[in-house]
2 protein chains.
Amino acid sequence: MSLNNEPKYIQLKEFIKNYISEGQLKADDKLFSEHELANRFQISRHTVRKAIGELINEGWLYQVQGKGTFVANTEGESKRKSKLIGVITTYLKDYIFPDIIYGIDEVLSKEGYTILLGHTNNEFEKERNCLLNMLNNNLDGLIIEPTKSVLPNPNIDIYERFKAEGIPIVFIHAYYNNFEASYVMEDDVLGGYMATRHLIEQGHQRIAGIFKSDDLQGLGRFQGFVQAHREHNLTINEKHILWFSSQDFDPLLLDDAYIQRFIHRLKTCTGLICYNDQIAINMLEILRTQGIHVPGDCAVVGFDNSELAQQGEIKLTTVAHPKEKLGRKAAASLLELINGTKECIQEKMEPELIMRDSTQTTN
Amino acid sequence: MSLNNEPKYIQLKEFIKNYISEGQLKADDKLFSEHELANRFQISRHTVRKAIGELINEGWLYQVQGKGTFVANTEGESKRKSKLIGVITTYLKDYIFPDIIYGIDEVLSKEGYTILLGHTNNEFEKERNCLLNMLNNNLDGLIIEPTKSVLPNPNIDIYERFKAEGIPIVFIHAYYNNFEASYVMEDDVLGGYMATRHLIEQGHQRIAGIFKSDDLQGLGRFQGFVQAHREHNLTINEKHILWFSSQDFDPLLLDDAYIQRFIHRLKTCTGLICYNDQIAINMLEILRTQGIHVPGDCAVVGFDNSELAQQGEIKLTTVAHPKEKLGRKAAASLLELINGTKECIQEKMEPELIMRDSTQTTN
DNA sequence: AATTATTTGTGCGTATGTATC
DNA sequence: AGATACATACGCACAAATAAT
């Protein structure tokens, strides 16, 4: 300690901090007196006071006049947990998100955690804002649904900062290829496979598909779609596949000439797999206006089993999203990461096919 | 300053703090040098350094060796805002809550705020947990839906602590009678009045009602129910009113003999006002099993215009809840309280009657 | 480019006051 | 009452950074 270039009071601070960290002194134990420290280290009492003063400010020690200097209770200070969990989804109100959030909250609130809520609207810029916001709040963990999971994510630097700070992250629905992390998601490939196999088993040979191109779920469902075709020795006509991205979501399905041309392309198809229920419901309406009867002329399958699927005239056959269950599992996984029980959890949940009117061949 | 009993360094601290507070020095302005202060106050430089050292720790000043001592930028430090807003509702997933939360988030996230989410399940104990939790998180404000708003609330002490810490609160849906605060809610009395008047105008003379007894919304809607009757010189038969509380909500409407007796009591009624859509939908089912035709034998009105109202065979006439709009207004109000633009905001929003099958006399 | 004055940073010694045991 | 330990306060010396000359 003597040959060091650092100031003496800093060296003393380090010594005291080490002494405490090593466990030689516990909370409320009495430290050596200022006089003793001065003698022992051959420095002035003033220098000792300087060191102790800073350690008091940093929360390591406290002093009582006439009694001495004592080790502070570090439990509540340096090691403190915020008991906050960040939850970031793409959207908030529609669809499956309330259920997912409820599932997450159900598990976390039992353990005394509180949810910090954010949503990205599936926009990178908003995702960045949310992440930065949460980084400032000393989270214990983060559950997040990726934004445009297929595209390279420009916010990986922020994710890396979470990792650097030791804040565990659980992705739901998808994950980023350029960032290794835990995830809990439904098995989209299997879902796409089940939906397609269902149609094939009902005798459909020419099946069209509408898939989202910029998230992993879309790609996965398409992959399952392909797999089912292969398994039954059916070829896929590329003209029967429509790809869309988040941006052109709304215009696409309202009155665009684009969709009209697509409808025309799939005249020969008797089945249609839609990326999700929302698309499927929109397609039901479009098919109706085109005089195409569902399921008679064309059977339709959606994904997610959202409330939409059960609302309309024609109840929708759909691949059910685990929703609340997924939320619970994501939360439970995060807790395991926080507690250090596990280091990395990557889990895919098996989807379930729910058959309703839109594929029922009830004649 | 000289005759004071306080230590000199504390007196100097006070002097410097006042000097800054009075605006004589602004952020990054240079303070007098240690030497100058020592001379001016006839104290030693050591004492000056002690004072300045503490002010640095408290975030008032910063020093640069060789340059001087400067006033810190207090904006980000002492006056720092957490940019966190607590949002506590009774429930999370079902019904209108996702929309309300979305509305709140829409307004708040634009201003850079993040939502801390909690829900009470309409239980005092959980409400207390939520509140205590949030109190520890240095909120900038709180939006909360009261739990059992009619009953005296056992958690008023916590609410008082929020008030003491200057954290503004906006209640939604209702407010506690024993706690003066801002609120944004739908006008339940008017809603009850509109629903009842609608039935009366359709010629119904004997109208039954099911109301919740332990929140203000239930009482308000009943009050409007009474008002409409008075205005049309109709008497209310107490036997036609069913009161229930949060506890017996579920069992009540499934298979209880209680509800059977009630149904029997309202055999002579041709109209039924239900506390909310959920109750109304349940009643539709019960009436159906009893062979009572809606709206032919009995017209039914619900409240909230939830998705339930549009789902079933018989679309429900309902008094629309402003949902998202209420969320937006609550958030905007809270921001006004935070910014100090206003001190107290108490606002009731006008409901809207949406007519559908369950009261349509389409013959 | 080097010098100088100013200002903060580190460190020592001493004295006295005050709380605790 | 006295020993001990922290609290306040003064004075001095030199180092290091900065800014102006």
Side-chain angles (χ1 to χ4, degrees), chain A residues 1-20 24-73, chain B residues 1-17 19-20 24-73 77:
Chain A
M1 158 163 180
S2 48
L3 287 179
N4 206 316
N5 270 333
E6 278 187 292
K8 293 183 183 176
Y9 78 98
I10 298 233
Q11 295 180 41
L12 179 56
K13 275 179 66 180
E14 290 306 317
F15 170 82
I16 295 174
K17 282 199 280 187
N18 282 335
Y19 205 79
I20 295 172
Q24 308 217 36
L25 286 177
K26 289 168 191 171
D28 298 317
D29 281 355
K30 187 171 180 300
L31 190 71
F32 319 100
S33 73
E34 294 177 353
H35 190 67
E36 199 179 338
L37 283 169
N39 273 342
R40 185 189 295 213
F41 291 97
Q42 284 300 298
I43 55 180
S44 74
R45 193 181 146 217
H46 177 271
T47 305
V48 172
R49 282 184 64 74
K50 168 97 178 164
I52 290 178
E54 295 205 354
L55 288 175
I56 288 172
N57 265 314
E58 292 169 22
W60 289 81
L61 302 172
Y62 66 92
Q63 287 187 312
V64 180
Q65 189 177 148
K67 281 182 81 173
T69 306
F70 305 87
V71 176
N73 181 358
Chain B
M1 158 163 179
S2 48
L3 287 178
N4 205 315
N5 271 332
E6 279 186 292
K8 292 183 183 176
Y9 79 96
I10 298 229
Q11 296 180 42
L12 179 56
K13 273 179 68 181
E14 290 305 318
F15 170 80
I16 295 174
K17 282 199 280 187
Y19 205 77
I20 295 171
Q24 308 217 35
L25 286 177
K26 290 168 190 171
D28 298 317
D29 281 355
K30 188 172 180 299
L31 190 72
F32 319 100
S33 74
E34 294 177 353
H35 192 67
E36 200 179 337
L37 283 169
N39 273 342
R40 184 188 296 211
F41 291 96
Q42 284 299 301
I43 56 180
S44 72
R45 186 178 154 219
H46 177 270
T47 305
V48 172
R49 281 183 65 75
K50 169 97 178 164
I52 289 177
E54 294 206 353
L55 288 176
I56 288 172
N57 264 313
E58 291 168 21
W60 289 80
L61 301 173
Y62 67 92
Q63 286 187 312
V64 181
Q65 189 177 151
K67 280 183 82 172
T69 307
F70 305 86
V71 176
N73 182 356
E77 281 292 327

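In what follows, every chain begins at residue 1, and chains take the letters A, B, ... in the order their sequences are listed.
- For the pair Phe32(B) CZ and dT8(C) P, the computed distance is 12 Å after rounding to whole Å.
- Applying the side-chain contact (heavy atoms from CB on, under 4.5 Å) test to Lys30(B) and every residue at least two apart in sequence or in another chain returns Phe70(B).
- Legend: residues meeting side chain to side chain donor-acceptor pair (under 3.5 Å) with Arg40(A), ordered by chain and number and at least two apart, are absent.
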Worksheet item: Reading nucleotides 11-21 of chain C from the 5' end, what letters show protein touch, with B for base, S for backbone sugar-phosphate only, - for no heavy atom under 4.0 Å?
Response: SBS---BBBBS
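- Ser44(A) is linked by a side chain to side chain donor-acceptor pair (under 3.5 Å) to Thr47(A), counting only residues two or more places apart in sequence or in another chain.
- Note on the helix from dA2(C)-dT21(D) to dC21(C)-dG2(D): terminal axis deviation equals 10°, with five pairs used at each end and the result rounded to 10°.
- Partners of His35(A) by ring-ring contact (aromatic ring centres under 6.0 Å, His included), not counting sequence neighbours: none found.
- For DNA chain D, the contact window with chain B, defined by any atom under 4.0 Å from a protein heavy atom, covers dT8(D) to dA19(D) in 5' to 3' order.
- One distance of note links OG1 of Thr69(A) with CG of Leu61(A); it measures 7.0 Å at 0.5 Å rounding.
- If you measure from atom CZ of Phe41(A) to atom P of dT10(C), you get 18 Å, rounded to the nearest angstrom.
- When the C1' atom of dT10(C) is taken as reference, atom CD1 of Ile52(A) falls 17 Å away, rounded to whole Å.
- Scored by the side chain to side chain donor-acceptor pair (under 3.5 Å) test, Tyr62(A) finds Asp28(A) as partners (sequence neighbours excluded).
- Partners of Asp29(A) under the side-chain contact (heavy atoms from CB on, under 4.5 Å) rule, at least two apart in sequence or in another chain, are Leu25(A), Lys26(A).
- A straight line from OH of Tyr62(B) to P of dT8(C) spans 12 Å, rounded to a whole angstrom.
- Gln42(B) meets the side-chain contact (heavy atoms from CB on, under 4.5 Å) test with no other residue; sequence neighbours excluded.
- Scanning for side chain to side chain donor-acceptor pair (under 3.5 Å) contacts around Glu54(A) gives Lys13(A), with sequence neighbours left out.
- You'll find the side chain of Leu31(A) stays beyond 4.5 Å of the side chain of Ile20(A), heavy atoms only.
- For the pair His35(B) NE2 and dT8(C) C1', the interatomic distance rounds to 13 Å; values are reported in whole Å.
- Under the salt bridge (charged side-chain N to carboxylate O under 4.0 Å, His left out) criterion, Lys67(B) pairs with no residue at all, not counting sequence neighbours.
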